[in-house]
Amino acid sequence: MSNEVSTPMRPPKLPSLTGLRFFAALLVFGFHITLSASPIPPNDPINPFADPVVASAAERVFVTTGYIGVSFFFVLSGFLLAWAARPGESMVLFWRRRIVKIFPNHLVMWTLAMILFAAAITPVHASVLNFFLLSAYSPDGAVNVAVNPPSWTLCIELLFYMLFPLLILGIRKIPGNRLWFWASMMVVGMILIQIVNLTLIPDTPKSAITPVSSYQFWFGYIFPPSRLFEFVLGSILARIVIEHRWPAIRAWHTLLVCVAGYALVNAVPFVWTFNVATIIPIAMLIATVAAGDAAGKRSFLQSRPMQWLGDTSFGFYLCQGVVIFWARQAMDNATFPTPVALLVVAGFLGLTILGGWALYSLVEKPMMDRFARPRRTPARVAVVPVHHRA
């Protein structure tokens, strides 16, 4: 049974999720700056701490946070696109907005990386594939993280964007009382991907930067279709929140679950750290924060500094391949006493934030304003079904 009610076309904004994006990008930064093996050949250590005990402890703390941050972004991407999607929206206009969102920043960093280091070490075909955001489909480690290493995630985002106009049609048809079932099926899909990874994907040769084979790392983590379940889960979660089916969970409960997820991800075999071990905490965090915003709750994530950091988080993430990997190589991967190493980390953090701000203010925002913003139209009202809980 359903009632027909009038509701604004535009859903409420979710500023807390904007602020939260920076912390996810910061988790990736912590992972990158403490790596014992760079993704850039010759795969030298990035970790700046000379004291082996401190270096090992820093790496243990952050060894899984990069995977957590990346999974967060994939779920968040699906959530936000479904949250803002409007019935009847033009596919072409949607694709144009998403391409304008990611490609200008990507092309700037691709060019900078090629000038600074990538042209000398990257096969031509790998640089071309990366230019068009197709490199992640290759199982060759010299290709899938080529040029600007963090850009492999954009290959996955591009797949999400291309498929979303079709996926949302199916997601909208899910009965309200079946949303939780399909959300759980997305988690099952992630588990099945890693079972296939462990049983059918070759376990040799060993990856230069992970404890599994290069093929297993690629299939379980980098191969774009393998990450679709996170994106679709995010879109289903958006419907759950929109239809007020998300339970009233306190923020501190969500934080406790996130802490438990971090503990679990550091205790399970490696391939389960990619997304399975932390997907429930990530889903809870995104949905709970979004539900709070939709209900009008106030949060420090909505503050002006956090909004600024959130806006620059995409550029902050993309800059890391140059600021961290290339700059550490330029320093001959020198290590330092702990107080100096902490200053080095702080300096790299500041430079990366500065680079993220430059990309956002000089590239991303001007391009979005010029080519992706819709023309102003009179406010419209749509009639949408509001389902009773089953």
Side-chain angles (χ1 to χ4, degrees), residues 2-24 71-89 94 97 101 160 164 167-168 171-184 186 230-258 279-311 313 374 379-390:
S2 66
N3 295 331
E4 299 291 333
V5 299
S6 294
T7 187
M9 283 280 288
R10 295 186 182 278
K13 293 183 178 180
L14 304 174
S16 294
L17 287 182
T18 298
L20 199 58
R21 281 164 47 192
F22 175 73
F23 288 106
S71 185
F72 173 92
F73 281 122
F74 291 158
V75 177
L76 181 66
S77 182
F79 188 99
L80 292 177
L81 290 183
W83 184 267
R86 297 187 294 276
E89 184 176 27
F94 171 83
R97 285 201 305 273
K101 174 70 175 178
F160 294 166
F164 179 75
L167 291 172
I168 193 62
I171 292 169
R172 285 185 179 130
K173 292 179 180 179
I174 299 174
N177 62 351
R178 300 290 286 173
L179 288 170
W180 282 102
F181 168 78
W182 282 105
S184 67
M186 296 304 105
E230 289 150 282
F231 178 76
V232 177
L233 173 62
S235 294
I236 295 172
L237 287 173
R239 265 205 63 190
I240 289 173
V241 175
I242 288 170
E243 297 187 12
H244 306 290
R245 294 174 180 273
W246 185 255
I249 300 174
R250 295 183 181 273
W252 68 271
H253 290 163
T254 305
L255 292 176
L256 283 179
V257 173
C258 289
I279 193 60
I280 291 176
I282 287 170
M284 286 183 63
L285 180 62
I286 291 172
T288 300
V289 169
D293 274 3
K297 295 180 180 178
R298 299 300 300 170
S299 162
F300 84 97
L301 293 169
Q302 301 169 5
S303 65
R304 183 172 296 181
M306 289 310 306
Q307 293 301 290
W308 183 85
L309 289 169
D311 285 338
S313 61
R380 297 166 58 195
V381 172
V383 176
V384 299
V386 177
H387 299 280
H388 291 296
R389 294 173 185 260

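This one's a predicted model, so the numbers in the text were calculated from it and none came from an experiment.
The side-chain hydrogen bond (donor to acceptor under 3.5 Å, both in side chains) search around Asp311 returns none, not counting sequence neighbours. In this structure Phe73 satisfies the ring-ring contact (aromatic ring centres under 6.0 Å, His included) test with no other residue, sequence neighbours excluded. Not counting sequence neighbours, the partners of Ser77 by the side-chain hydrogen bond (donor to acceptor under 3.5 Å, both in side chains) test are Glu157. Residues satisfying the side-chain hydrogen bond (donor to acceptor under 3.5 Å, both in side chains) test with Glu89, not counting sequence neighbours, are Arg97. For Phe160, the ring-ring contact (aromatic ring centres under 6.0 Å, His included) partners at least two apart in sequence or on another chain are Phe74, Phe231. Every side-chain hydrogen bond (donor to acceptor under 3.5 Å, both in side chains) that Arg298 has, sequence neighbours left out, goes to Gln302.
Formation of a donor-acceptor pair under 3.5 Å by the Arg239 side chain with backbone atoms of Ile171 is found in this model. At distances below 3.5 Å, at least one donor-acceptor pair connects side-chain atoms of Ser235 with backbone N or O atoms of Gly78.
Atom CH2 of Trp308 sits in a crowded spot, with more than 12 heavy atoms from other residues, nucleotides or ligands closer than 6.0 Å. No more than 12 heavy-atom neighbours from other residues, nucleotides or ligands sit within 6.0 angstrom of CD1 on Ile280.
Side-chain contact between Ile174 and Phe181: absent, with no pair of heavy atoms (C-beta onward) separated by less than 4.5 Å. Under the 4.5 Å side-chain criterion, counting only non-hydrogen atoms from C-beta, Trp182 is not in contact with Val232. Residues Ile282 and Ile286 are in side-chain contact: their nearest non-hydrogen atoms beyond the backbone lie under 4.5 Å apart. Under the 4.5 Å side-chain criterion, counting only non-hydrogen atoms from C-beta, Arg172 is in contact with Pro87. Side-chain contact between Gln307 and Phe22: absent, with no pair of heavy atoms (C-beta onward) separated by less than 4.5 Å. Residues Phe94 and Arg86 form no side-chain contact, since every pair of their non-hydrogen atoms from C-beta on lies 4.5 Å or further apart.
Scanning both residues, Leu237 and Ala283, for their nearest heavy atoms gives CD1-CB, 3.6 Å. Minimum heavy-atom separation, Ala290 to Leu14: O-CD2, 3.6 Å. Nearest heavy atom pair, residue Gly176 against residue Glu243, reads CA-OE1, 3.9 Å. When all heavy atoms of Ser16 and Val289 are compared, the pair lying nearest together is CB-CG1, 3.3 Å.
Interatomic distance, Leu233 CG to Ile279 CD1, rounded to the nearest 0.5 Å: 5.5 Å.
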